[in-house]
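Remarks on the structure that follows.
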Amino acid sequence: MLPQLCEYARRLDLPPLYSERSVRYIVELDTAGRLLNPQPTDTADPADRSTRNGIRRRVPTVQRSSGIRPLLLADNAEYSFGLARDPAKQARVDRAHAAYLDLVNRCATDTGSAVIQAVADFLNEDPREQLDLDDDFDRGANVTFRVGDDMPFEAPAVQRFWAGEHDPARAKDAVVGQCLVCRRERPVLKRLQAKLKRVPGGQTSGTALISANAEAFESYGLDASLIAPTCGECAELFTTGLNHLLASETQRTALGGAAFVYWTRENVGEFNPLTMFTDPDPGQVRALLESVFTRREAASFVDTSFYALSLSGSGGRAVVRDWIDITVGDVRTNLARWFRQQRIVGRNGESPAPVGLYALAAATVRDANKDLSPLTPRALLRAALVGMPLPPNLLSEAVRRNSAEQDVTRPRAAVIRAVLRSQGRIAKEDGMIQLDKKSRDCAYRCGRLLAVLESAQYAALGITAVTDRFYGTASSAPASVFGRLLRGAQPHLTKLERDRPGAYHALQQRLEDVLAGLDGFPKTLDMEAQGMFALGYYHQRAHDRAQARARREGINPETGEMDDAEKET
């Protein structure tokens, strides 16, 4: 994983030890270091969440904790100007400002840059006496400088100087060892110099990808980041690469307390599996199915490597939950199979449409924001990308939600069918997508029967109490309840025979068709059978709704053609 992240970061060509941070204030200087405006330019926009602390810029960054460690040309006002937020800490702030000033002076000398020298000249003349700062000035916000039209921290010479300042080889207590990424004998880091941002569950200050803070995680006398030694260059690369992915809007998605990122070794055009996961477009899915199963794939990227990573935070540490390394061709084939596995008729009998990852995962829990485990999205992603069977626990979670809510939603029906299909319970590729009147599966017919009894009660009384009260029992122990439900349906049918004979005959015919395939009611149903029960109930209701809609539109439900009376009209 780490070598692939390093390779990805090299393609980005980003300066080492630079990362995006909010920079609120810009001090405007001329080439001689004189102030152009005594009031710094404030870039914060409280109305915009992305810039309420200032415009985000890629600036020098390094991990710091309690010690004094200045950040070159982009630090808070305590370091930049010696302005303490807490007067009681002015002595420490003075030391921090002195360290910052020394860093800028050394940078000016080392680079020989007139632009950096202009900043140094300004800072050496006590900036507090020159600036006119109002009472609203935020001393904790980051400050940088602009000399003419130049932002000094963007200069290549400054970037090289900053990287050299933090070269592990310059440390007095440098440890030399074999880097586990590049395999070379080099000075390795005791602590990584940068942290990961935007990791769900991690600290806002960032999370460490490699670290140890207890004896249980240490071995061979190695502690902190030395448990997995990496050189400064490689550590910077894989951290930069992963941070870039975590900040991307097209290569990252977050679900169930975990972040999922992906990348490819080479550019593969518009192919983006995340778009298909989060908001699948029926046209794109159809095109994918056609290209994969008719073998019309673009050979140029079929063998391109595809990488995916799932991680979450645990305090100050990142937890790698999954790592996938396959080819784009395999991903496309597995995705096509995944969309076929989850195909299910719409709630009102519409043609099957792909269901998004979030809807599938959320269907298994009461509240996706509180109850969704990272294991559920991981299982769905692995099934979609790698082609692994879905775990049985997803079926049990979906079945339990059916019982709790006394209903079967389309996403839950899709999850149930996908699990049963991936586990081999549904043998045919096109099996159980919609109502199968020929199926002799006992559990499936029991589910259909409950739907018909619900329709009879609704037609007679306008309520669905039979499902609201008995779905859970009927789906797990049919023999204990269906005899009573059938007897209770007789008054409803009698009422319909008197008041609505057409509806009566249609419902009576449905009952007879379903019961004709049942030799009796099983005492109990296992989890797979309860899944089949749910599909039977869902399919029958979808079929009934589609027929009712067709009749309202003057279409014969059996032939799909317009009735003669409608034709004449």
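Small disclaimer: the values here were computed from a predicted structure and weren't measured.
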Would Arg57 and Val23 count as a side chain to side chain contact (heavy atoms under 4.5 Å, CB included) here? Give the steps. CA-CA 7 Å; Arg57 302 175 186 273; Val23 180; 4.2 Å; yes
Taking Arg21 as the fixed residue, which of Thr144, Asp75, Thr61 is the one that meets the side chain to side chain donor-acceptor pair (under 3.5 Å) rule? Thr61
Would you find a donor on one side and an acceptor on the other, under 3.5 Å apart, between the side chain of [X] and the backbone of [Y]?
X: Thr327; Y: Asp330; result: yes
X: Arg146; Y: Asp30; result: no
X: Asn243; Y: Lys195; result: yes
X: Asn334; Y: Val386; result: yes
X: Arg56; Y: Glu20; result: yes
X: Arg401; Y: Thr364; result: no
X: Gln178; Y: Arg183; result: yes
X: Asn76; Y: Tyr79; result: yes
X: Thr240; Y: Leu237; result: no
X: Asp279; Y: Thr275; result: no

Atom [atom1] of [X] and atom [atom2] of [Y]: how far apart are they, to the nearest 0.5 Å?
X: Ser113; Y: Asp150; atom1: OG; atom2: CG; result: 8.0 Å
X: Asp121; Y: Leu123; atom1: CG; atom2: CG; result: 9.0 Å
X: Ser310; Y: Ile324; atom1: OG; atom2: CD1; result: 8.5 Å
X: Asp132; Y: Asn37; atom1: CG; atom2: CG; result: 9.0 Å
X: Leu17; Y: Glu233; atom1: CG; atom2: CD; result: 11.0 Å
X: Leu395; Y: Arg400; atom1: CG; atom2: CZ; result: 9.5 Å

Would you mind checking if [Y] and [X] are paired as a salt bridge, meaning a charged N to carboxylate O distance below 4.0 Å?
X: Glu78; Y: Arg92; result: no
X: Asp102; Y: Arg106; result: yes
X: Glu125; Y: Arg34; result: no
X: Glu405; Y: Arg366; result: no
X: Arg52; Y: Asp45; result: no

To check you understand the geometry: which heavy-atom pair defines the closest contact between [X] and [Y], and what is its length?
X: Glu236; Y: Tyr18; answer: OE2-N, 4.0 Å
X: Ala174; Y: Pro168; answer: CB-O, 3.4 Å
X: Cys234; Y: Cys6; answer: O-SG, 3.5 Å
X: Gln423; Y: Pro392; answer: NE2-CD, 3.8 Å
X: Ala118; Y: Ala32; answer: CB-C, 4.4 Å
X: Pro38; Y: Gln130; answer: CB-O, 4.0 Å

Pair Thr207-Arg317, side-chain hydrogen bond (donor to acceptor under 3.5 Å, both in side chains): steps then yes or no: CA-CA 5 Å; Thr207 57; Arg317 288 163 183 78; over 6 Å; no
Checking Asp42 now: which residues fulfil salt bridge (Lys or Arg N to Asp or Glu O under 4.0 Å) with it, not counting sequence neighbours? Arg24
Check the pair Val399 / Met527 against side chain to side chain contact (heavy atoms under 4.5 Å, CB included), numbers first and verdict last. CA-CA 8 Å; Val399 166; Met527 199 54 66; 3.8 Å; yes
Aromatic contact between Tyr25 and Phe137, with the criterion being ring centroids under 6.0 Å apart: yes or no? yes
Is the distance from the ring center of Tyr262 to that of Tyr307 below 6.0 Å? no
Test side chain to side chain contact (heavy atoms under 4.5 Å, CB included) on Leu83 and Val93; report intermediate values, then the result. CA-CA 7 Å; Leu83 296 173; Val93 170; over 6 Å; no
Using side-chain heavy atoms (C-beta onward) and a distance below 4.5 Å, is [X] in contact with [Y]?
X: Phe238; Y: Thr230; result: yes
X: Asn124; Y: Val104; result: no
X: Leu2; Y: Leu209; result: yes
X: Arg252; Y: Phe260; result: no
X: Leu311; Y: Val319; result: no
X: Gln341; Y: Val419; result: no
X: Leu73; Y: Val59; result: no
X: Leu335; Y: Pro273; result: yes

Results of side-chain contact (heavy atoms from CB on, under 4.5 Å) for Asp110 - residues two or more places apart only: Phe161
Quick check with a 6.0 Å cut-off and a 45 degree axis cone: is Arg332 positioned over the face of Phe339's six-membered ring? no
For residues Gln90 and Asp94, is any side-chain donor paired with an opposing acceptor at under 3.5 Å? yes
Looking at Thr304, Thr333, Asp303, which one forms a side chain to side chain contact (heavy atoms under 4.5 Å, CB included) with Val328? Thr304
Taking only residues two or more places apart in sequence or in another chain, which ones pass side chain to side chain donor-acceptor pair (under 3.5 Å) with Ser312? Arg321
What is the ring orientation for Trp162 with His166, classed by angle as parallel under 30°, tilted 30 to 60°, or perpendicular over 60°? perpendicular
I would like to know whether Leu35 and Glu28 meet side chain to side chain contact (heavy atoms under 4.5 Å, CB included); could you show each step before the answer? CA-CA 6 Å; Leu35 272 175; Glu28 309 283 354; over 6 Å; no
